[in-house]
There are 2 protein chains.
Amino acid sequence: MAKRGDVLELAVLGLLQDSPLHGYELRKRLNALLGSLRAFSYGSLYPCLKMLVREGLIAQDTGEGGSAASGPAPGKRSRIVYKLTAEGKEHLQDLLTESGPAAWEDEGFGVRFAFFGRTDAATRLRILEGRRSRLEERIDGFRSSLSRTRERLDSYTLELQRHGLESVEREVRWLSELIDDERRREPPPSARET
Amino acid sequence: MAKRGDVLELAVLGLLQDSPLHGYELRKRLNALLGSLRAFSYGSLYPCLKMLVREGLIAQDTGEGGSAASGPAPGKRSRIVYKLTAEGKEHLQDLLTESGPAAWEDEGFGVRFAFFGRTDAATRLRILEGRRSRLEERIDGFRSSLSRTRERLDSYTLELQRHGLESVEREVRWLSELIDDERRREPPPSARET
DNA sequence: TTGGCGATGTATCATATCGATACATCAGGT
DNA sequence: ACCTGATGTATCGATATGATACATCGCCAA
C-alpha cells in the first residue's frame, strides 16, 4: 500500500488544477515543489500521465479554450498539454480529503501539505495530528532501541542516533506549532454534535 | 553511480568486521544502525551477500574457530554465518577511506559516519567538510529557486520550502560542530609539508 | 550561413529495488 | 497437544530509477 506512484499521481493532479501543463513543465514544477523531499524521473512521470489518461482523470488539452496562460511563450514546438477532467477534479478532492495513515507517511504527508491550500480546515487538522502521532511512535521505537543497545555503541554511532532522534523531535515541534495555528484560525467547534 | 547497493555493501562489510553474523541478525543490526536513514529488505540483503561471497570479500564461517561470541544462544537452528575475508578487510578499508562525492551523498555519508570509529582522523575531516559543502550547494539551489517563485506560492507551499531549507541549515550547523570537535581532537598540522 | 550548444520536449529500456510472501524450525505459554 | 510469535533463508512480481535516444528551437559567434 501507499506506493510511490500514488504520491506522484496526487502531485500531478494537484498541479494540473492550477493550469494545464505538459510533461516537461510538470516535472520542473514537481521538483521545485517537492525538491526537498524527492525528485521524480521521466521514467515515472510519463507512464503516470499515460495511466491517468487511460483512467479518464486527465485529458489532452486541445488548446481551443482561449485566453489564459498555459505555457510560457507558446512557440510551435511539439508538446502535449494535459488538463484535469471533471472526474479528475473529483478524484483529487477525494485524495486531498483522505486523512488516514496514507497521509501520515513521509512522502504522502509532504504532497498533501503542499496542497493544504485546497484542503478544508478539518482535514488539515486531522492530517497534522495523524502525522504527529506517527512521528511520536517513531520516537518511541528509537528510544527503546537506543536504551537496549546504548552501551555497545561507539561515540559516532551514538551521535548518529542522537541526531536522528533530534531531527524527528524537531519535526514534532514544527507540527505542534502548525496545529496551534490551525486551531487559532478556526477555533474548535467546542460542543458541536453532543 | 553511487547506487544504493554500494551503501548496503559497505554496511555489511562494516558490521562483519566486529564479528561474524548471519543474514537475519545482520538485517536487524543494519536497521538498528541506519534506521533513521533507511531500512533494507531481504530482497536486497541476500542477493548482496551472495555477490560478496562471489567476489571473495566474505565467506561462510564454518564455526571451528572456537571461542568468541558469534550468535546469541547457539541452538542447532540452520543458519549461514558470514565472516570477512582478508580481501574483504582490505576492500572495507578502501571504502572507508574514500572521501570523494560518494561519501557526501545522503546515504553514503550516513553509513560512513556510522563507521567513523574505524576511520582515520584526516579522512573523517575530509568527509565532514565535503558533506557540508554539498549541503551548502543544496541550500543555494533552494534559495535561488525560492526567490524565483516566491510570489506565486501560497502560504503552505512557502512554509514547506522554508521548513525544508531550515532542516538543511540545521544539518550544516551540526556538521560544523562536528568539524570543530575533530579539529580540537587533532589540532591542525599547522605547517606540516611546506 | 553555418554550425555549435544548451534548453526544451517526448519517450523507453535495462537494471536496481522493494514489499510481500513462502517455507521451516524453535521457544514458550495454556 | 496446540497455537502464536520470533527466528531463519530465500525468491518473485510489481515498481522505480537513471541513462539515454531522438528531435526541435533560440541564440551567439566565426
Side-chain angles (χ1 to χ4, degrees), chain A residues 1-12 20-32 34-35 37-54 58 60-61 63 70-82 101-102 105-108 111 145 148, chain B residues 1-12 20-32 34-35 37-54 58 60-61 63 70-82 101-102 105-108 148:
Chain A
M1 307 272 169
K3 299 181 295 281
R4 189 151 158 62
D6 296 345
V7 177
L8 180 55
E9 176 184 325
L10 172 51
V12 166
L21 294 172
H22 54 98
Y24 190 81
E25 178 71 17
L26 212 34
R27 198 189 98 109
K28 272 200 308 181
R29 300 208 186 184
L30 229 37
N31 292 344
L34 306 175
L37 306 167
R38 203 68 123 64
F40 287 97
S41 66
Y42 289 124
S44 305
L45 177 59
Y46 283 111
C48 176
L49 288 173
K50 221 171 265 183
M51 195 195 58
L52 289 174
V53 168
R54 201 169 349 112
I58 66 177
Q60 226 114 325
D61 183 16
S70 67
K76 278 303 172 233
R77 207 212 255 62
S78 96
R79 47 167 62 165
I80 304 177
V81 178
Y82 297 95
E105 300 306 316
D106 294 339
E107 296 194 343
V111 200
S145 152
R148 253 187 287 110
Chain B
M1 308 276 165
K3 299 182 297 281
R4 190 155 155 65
D6 297 346
V7 177
L8 180 53
E9 176 184 325
L10 171 50
V12 166
L21 293 172
H22 55 97
Y24 188 82
E25 178 71 16
L26 213 34
R27 197 190 100 110
K28 272 200 307 182
R29 300 208 185 184
L30 230 37
N31 292 343
L34 307 173
L37 306 167
R38 204 71 121 64
F40 288 97
S41 64
Y42 289 123
S44 304
L45 177 60
Y46 282 112
C48 177
L49 288 173
K50 221 171 263 184
M51 195 195 57
L52 288 174
V53 168
R54 202 168 349 112
I58 65 177
Q60 227 112 323
D61 183 18
S70 67
K76 280 300 172 234
R77 207 210 260 58
S78 95
R79 46 168 61 164
I80 305 177
V81 178
Y82 297 95
E105 300 306 316
D106 295 339
E107 296 194 343
R148 255 186 286 108

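Values reported hereafter were calculated over all heavy atoms of this structure, with side chains retained and with hydrogens, waters and symmetry mates removed. By convention in this document, chain letters (A, B, ...) are assigned in the order of the sequence lines, proteins followed by strands, and residues within each chain are numbered from 1.
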Asks: What's the shortest heavy-atom distance between A:L45 and A:G23, and which atoms?
Replies: CD2-O, 3.4 Å

Asks: Is there side-chain contact between A:I80 and A:L49, with at least one heavy-atom pair below 4.5 Å?
Replies: no

Asks: Is there a donor-acceptor pair closer than 3.5 Å between any side-chain N or O of B:D61 and the backbone N or O of B:L21?
Replies: no

Asks: Just call it for A:Y42: base, sugar-phosphate, or nothing, with non-hydrogen atoms closer than 4.0 Å on any strand.
Replies: base

Asks: Would you give the length of the straight line joining atom CZ of A:F40 to atom CG of A:L8, rounded to the nearest 0.5 angstrom?
Replies: 5.0 Å

Asks: Do B:H22 and B:Y82 have side-chain heavy atoms sitting under 4.5 Å apart?
Replies: no

Asks: Give the rounded distance in Å between these two atoms: CD of A:E25 and P of C:dT10.
Replies: 10 Å

Asks: Starting at CE of A:M51 and ending at C1' of C:dA11, how long is that distance when rounded to a whole Å?
Replies: 17 Å

Asks: Base, sugar-phosphate, or nothing: which does B:G5 touch, judged by heavy atoms less than 4.0 Å apart?
Replies: sugar-phosphate

Asks: With DNA chain D as reference, determine whether B:Y82 or B:K28 sits nearer its 5' end, using the nearest nucleotide of each.
Replies: B:K28

Asks: Given atom CZ of A:R4 and atom C1' of D:dT15, what is their separation to the nearest angstrom?
Replies: 10 Å

Asks: Nearest whole Å is fine: how far is C:dG6 P from A:Y24 OH?
Replies: 13 Å

Asks: Rounded to whole Å, please give me the gap between CG in B:N31 and P in C:dG19.
Replies: 11 Å

Asks: Send over the distance from A:I80 CD1 to C:dT8 P, rounded to a whole Å.
Replies: 18 Å

Asks: Rounded to whole angstroms, how far apart are CG on A:L45 and C1' on C:dT12?
Replies: 13 Å

Asks: Within the structure shown, what part of the strands sits under 4.0 Å from B:G43 by heavy-atom distance: base, sugar-phosphate, or nothing?
Replies: base

Asks: Nearest to the side chain of B:Y46 - D:dT17, C:dT17, D:dT11?
Replies: D:dT11

Asks: Take the protein atom NZ of B:K50 and the nucleotide atom C1' of D:dT9, then report the distance between them rounded to whole Å.
Replies: 10 Å

Asks: Counting just side-chain N and O atoms, does A:S44 come under 4.0 Å of either OP1 or OP2 of D:dT17?
Replies: yes

